[in-house]
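Below: the structure, in structure tokens.
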2 protein chains.
Amino acid sequence: MTDALDTLEHDNLGSTVYHLLCNALIQGKLKPGERLKIRELAARLGTSVTPVRDAILRLVQEQALAMKSARDIRVPHMTVERYLEIRAIRIKLEGLAAEMAAQNADAEQIVQLEELVRQNEQAIADGDTARGCDLNQRFHFALVDIAGMPFLQGILYRIWLQMGPLIADVYGDGGDDMLDFHYPVLAAIRAHDGPAAARAISDDILCGGQVILQHLQAATVAPPAV
Amino acid sequence: MTDALDTLEHDNLGSTVYHLLCNALIQGKLKPGERLKIRELAARLGTSVTPVRDAILRLVQEQALAMKSARDIRVPHMTVERYLEIRAIRIKLEGLAAEMAAQNADAEQIVQLEELVRQNEQAIADGDTARGCDLNQRFHFALVDIAGMPFLQGILYRIWLQMGPLIADVYGDGGDDMLDFHYPVLAAIRAHDGPAAARAISDDILCGGQVILQHLQAATVAPPAV
DNA sequence: ATCAAATTTATGATGCATCATATTTGTTGC
DNA sequence: GCAACAAATATGATGCATCATAAATTTGAT
């Protein structure tokens, strides 16, 4: 799932570093506002600066990292405006994915979706938020996978990359409720009801994301010290 | 419009080369199947290979260029499958843009849209397909602009980057009819009717793209010698 | 003349030296 | 002590040398 982007891409060291940083972003290992230094990363990874620079420039391009000034590369902060825009885009695109997934899903794929939800339930019971967060994301991407839309997968991966640091920050607050909204999605997919699946995903994004939005608005009123 | 991606991005030589290549792709100056060589480009542009490599890697990442093998960088061919997927995504995203544009557009912005259509009409009358193609694209991006969704603009720019070489190839065949579908969009925006604007853009993408699809399907039956 | 092995060439990958400049630290005059 | 200037440091940008290997070309035996 994590290599959604360049599955067919020629593999070089730069790509490896890129995926490494992607995972770090998605898993919330890099906090908003945190600064990255090319030389430091290169030393840590045991490569020269070239592949690290390749990777970082790629992430800057897709705005998963921000270059505030010429020597200041940071994990960007999400703004309320940006979040609302991304939310609107996600509803359209993940709605499309869910709709196609409902049309396409075979019995085995449905079982896999159910298994993801089951594991997520377990993770919540265990109080393992990191795993719950990961499984939540995997559910969303499993839909795109079933939809059979590789190009869409790339777009959505880049979008999730932006939300990674934020979600990891907030998930603990009310992430447990997020799973509730996956059951209607599952039901719609089982019924092969595309429009219902799209509506259910929309509900998930809107309601599940409510916690995130509140967190952001709170942070806007009292801006965090970075 | 062409700098839709990294407006706030730190400017380095790599970015300059990147935008240069973007424009070349969108204007159809690079044909599908054409090979690019880093050293050759660097020599042509009078830079070292580093910035050119930066730019090309960025384009490869977003699949505007393809690395068939480790030393073989080419402008990719569009497939029917991929086109259909992109079309579905465009209908959702440009529909969203049109809807928001209809809500937001002020009098001045509507005049600018009308002006774009007028110029496009003129270009068709002059038989200037290159200019017609460019104005068609500018109309679509003007909508995103009015919608006030910069993140969406980046996504759509990347999508159009993929279609650039194809459209430039095909536009001459039946591109003149494309403009017809912009009038209903304009009418919906004037009426501030979001859903109607979304439907009109959907029609534009579906009907206007019919020529492109036929061209692609013909090419699939009798694959082009590249 | 033909085909295969060997050689040469082409080309992206990688590492690294150097540059320019922003940031930090230190120094000096008041 | 403090402020303003100066030196030092840090850091991304750029260019370039070298490497590995794929592609092209040459060579030579049959």
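Since the structure is predicted, the reported quantities are computational estimates derived from the model, not experimental observations. Order of the sequence lines fixes the chain letters, A, B, ..., with proteins taken first and strands second; residue numbering starts at 1 for each chain.
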*asked:* If you compare all heavy atoms of B/Asn104 against all heavy atoms of B/Ala147, which two are closest, and at what distance to 0.1 Å?
replied: ND2-O, 3.2 Å

*Rounded to whole angstrom units, what separation is found between the CG atom of B/Leu57 and the P atom of C/dG12?*
10 Å

*Choose from D/dT11, C/dT14, D/dG15 the nucleotide whose nearest atom is closest to any side-chain atom of A/Lys37.*
D/dT11

*Would you mind reading off the distance between A/Leu41 atom CG and D/dT11 atom P, rounded to a whole angstrom?*
12 Å

*At what distance, to the nearest 0.5 angstrom, does CZ of B/Arg71 lie from NZ of B/Lys37?*
13.0 Å

*Figure out the CD1/P separation between B/Ile73 and C/dG12, and round it to whole Å.*
5 Å

*Let me know the distance between OH of A/Tyr18 and C1' of C/dT14, rounded to the nearest Å.*
21 Å

*Options D/dA13, D/dT11, C/dG12, nucleotide nearest the side-chain atoms of B/Met67*: C/dG12

*With a non-hydrogen cut-off below 4.0 angstrom, is B/Leu36 in contact with a base, only sugar-phosphate, or nothing?*
sugar-phosphate

*Using atom CZ of A/Arg74 as one end and atom P of C/dA22 as the other, report the distance to the nearest whole Å.*
16 Å

*Roughly how many Å is it from NZ in B/Lys68 to P in D/dA22, rounded to a whole number?*
17 Å

*Atom-to-atom span, CG of B/Asp54 to P of C/dT14 - whole angstrom*: 13 Å

*What is the minimum heavy-atom distance between B/Gly95 and B/Ile201, and which atoms define it?*
N-CG2, 4.1 Å

*Compare every heavy atom of B/Lys68 with every heavy atom of B/Arg74, then report the nearest pair and how far apart it is.*
CD-CG, 4.3 Å

*Side-chain donor-acceptor pair under 3.5 Å between B/Asn120 and B/His182, yes or no?*
no

*May I ask you to verify if any side-chain N or O of B/Thr50 is less than 4.0 angstrom from the OP1 or OP2 atom of D/dT14?*
no

*Measure from CD1 on B/Ile38 to P on D/dC16 and round the result to the nearest Å.*
16 Å

*Given that A/Arg71 and A/Arg39 both sit by DNA chain C, which one's nearest nucleotide is further toward the 5' end?*
A/Arg39

*Kindly point out which of C/dG15, D/dG12, D/dT14 is positioned nearest to the side chain of B/Asn12?*
D/dT14

